[in-house]
Amino acid sequence: MRNIRLIVAYDGTELCGYQRQANDVTVQGCLEEALSKVCNESISIYGASRTDAGVHAKFQVITFFTEGRIPVENLTRALIAHLPPYIVVRRAEEIPLDWRPRWRILGKEYVYTIHNDSVQDPLGMRYHWHVKKPLDVERMREAARLLEGTHDFTSLQGANSTPANPVKTLFRVAVKQNGPHITLHVVGDGFLYHMVRNIAGLLVDVGLGKVEPGRIPELLLAKDRRKLGKTAPAQGLCLEEIFFDSARLDVVLSEL
């Protein structure tokens, strides 16, 4: 028996999320079917993070057990013929049998991208939220800093969430701008359902002048999702990286 770890990237536009569903195309479903063919046995995968329909990933981590003998260095190439073009295995490696992705996570980084211009960018519309009205980025940065730290994030939890501990720590919420492109970098030890998309929606409302930055603590203490605006659309969100090494996490935080 071997334990294999894959680093996977995908464009979520055509996908109904990470988790396998009976009649829909998902990351888990595609990977399990492809791996079962390549390894010539039934394969079940274990993922480090679940992404919603339409959400992208540059660094999803999955593991699986196999008795198959295919050399690990051949897996990436062998899977190409069995996966849709919008799912790519970037790296494969053999790891100890007791390694599980969810047990080792120190943090995750999500990036949310906004195209802030009166005219849509058709070449990037699958990967950003088009906001036509001008955004005040400095106000957004002020609000972002107030989201950092350990808080009860019930107010930023999506509807119909499965029960989860709402207390999370956000190490960094950074707002960067390059011309009309605004990116929100959210790094934390864990996230609630729709939490990053709700953060994006809240910061856009701040940037539009609908919410004062100073109201962030009040909104968190209210523990009431109804006091916030809409959830940002899925296509702007990307799972950027999952951290298993504290040194790598420190490097990323120092650059934001």
Work out which heavy atom in [X] is nearest to a heavy atom in [Y]; give both atom names and the distance.
{"X": "Met140", "Y": "Ile114", "value": "CE-CD1, 4.4 Å"}
{"X": "Phe153", "Y": "Leu147", "value": "CZ-O, 3.6 Å"}
{"X": "Ala234", "Y": "Arg197", "value": "N-NH2, 3.5 Å"}
{"X": "Asn165", "Y": "Leu192", "value": "O-CD2, 3.6 Å"}
{"X": "Asp152", "Y": "Pro166", "value": "OD1-CB, 3.4 Å"}
{"X": "Lys108", "Y": "Ser49", "value": "NZ-OG, 3.2 Å"}

Is the number of heavy atoms from other residues, nucleotides or ligands within 6.0 Å of [atom1] ([X]) greater than 12?
{"X": "Arg91", "atom1": "CZ", "value": "no"}
{"X": "Asn178", "atom1": "CG", "value": "no"}
{"X": "Arg50", "atom1": "CZ", "value": "no"}
{"X": "Asn40", "atom1": "CG", "value": "no"}

pair [X]-[Y]: side-chain heavy atoms closer than 4.5 Å:
{"X": "Tyr46", "Y": "Arg100", "value": "no"}
{"X": "His130", "Y": "Asp121", "value": "no"}
{"X": "Leu97", "Y": "Phe65", "value": "yes"}
{"X": "Phe243", "Y": "Phe171", "value": "no"}
{"X": "Lys227", "Y": "Ser155", "value": "no"}
{"X": "Leu256", "Y": "Lys176", "value": "yes"}
{"X": "Val204", "Y": "Lys210", "value": "no"}

- Task: For the pair His115 and Gln120, evaluate side-chain hydrogen bond (donor to acceptor under 3.5 Å, both in side chains) and give the outcome as yes or no after the intermediate values.
- Result: CA-CA 8 Å; His115 180 65; Gln120 173 66 284; 4.9 Å; no
- State the CG-CD1 distance between Leu106 and Ile242, to the nearest 0.5 angstrom. 11.5 Å
- Query: Going by the angle between their ring planes, with limits at 30° and 60°, are His181 and His128 parallel, tilted or perpendicular?
  - Reply: tilted
- What class does the angle between the rings of Phe191 and Tyr110 fall in, given that below 30° is parallel, 30 to 60° is tilted and above 60° is perpendicular? perpendicular
- Query: Leu79: which other cluster members, linking ILVMFWY side chains closer than 4.5 Å, directly or transitively?
  - Reply: Ile4, Leu6, Val8, Tyr10, Leu15, Tyr18, Val25, Val27, Leu31, Leu35, Val38, Ile43, Ile45, Ile62, Phe64, Ile70, Val72, Leu75, Leu83, Tyr86, Ile87, Val89
- Message: What verdict does the side-chain contact (heavy atoms from CB on, under 4.5 Å) test give for Ile216 and Leu202, after you've listed the backbone C-alpha separation in whole Å, the side-chain angles of each residue and the deciding distance to 0.1 Å?
- Response: CA-CA 9 Å; Ile216 297 298; Leu202 172 59; 3.6 Å; yes
- Could you give me the CA-CA distance, side-chain angles and deciding distance for Ser44 and Arg20, then say whether side-chain hydrogen bond (donor to acceptor under 3.5 Å, both in side chains) is met? CA-CA 11 Å; Ser44 296; Arg20 175 185 280 278; over 6 Å; no
- Query: Just checking, any donor-acceptor pair under 3.5 angstrom between side chains of Thr13 and Asp11?
  - Reply: yes
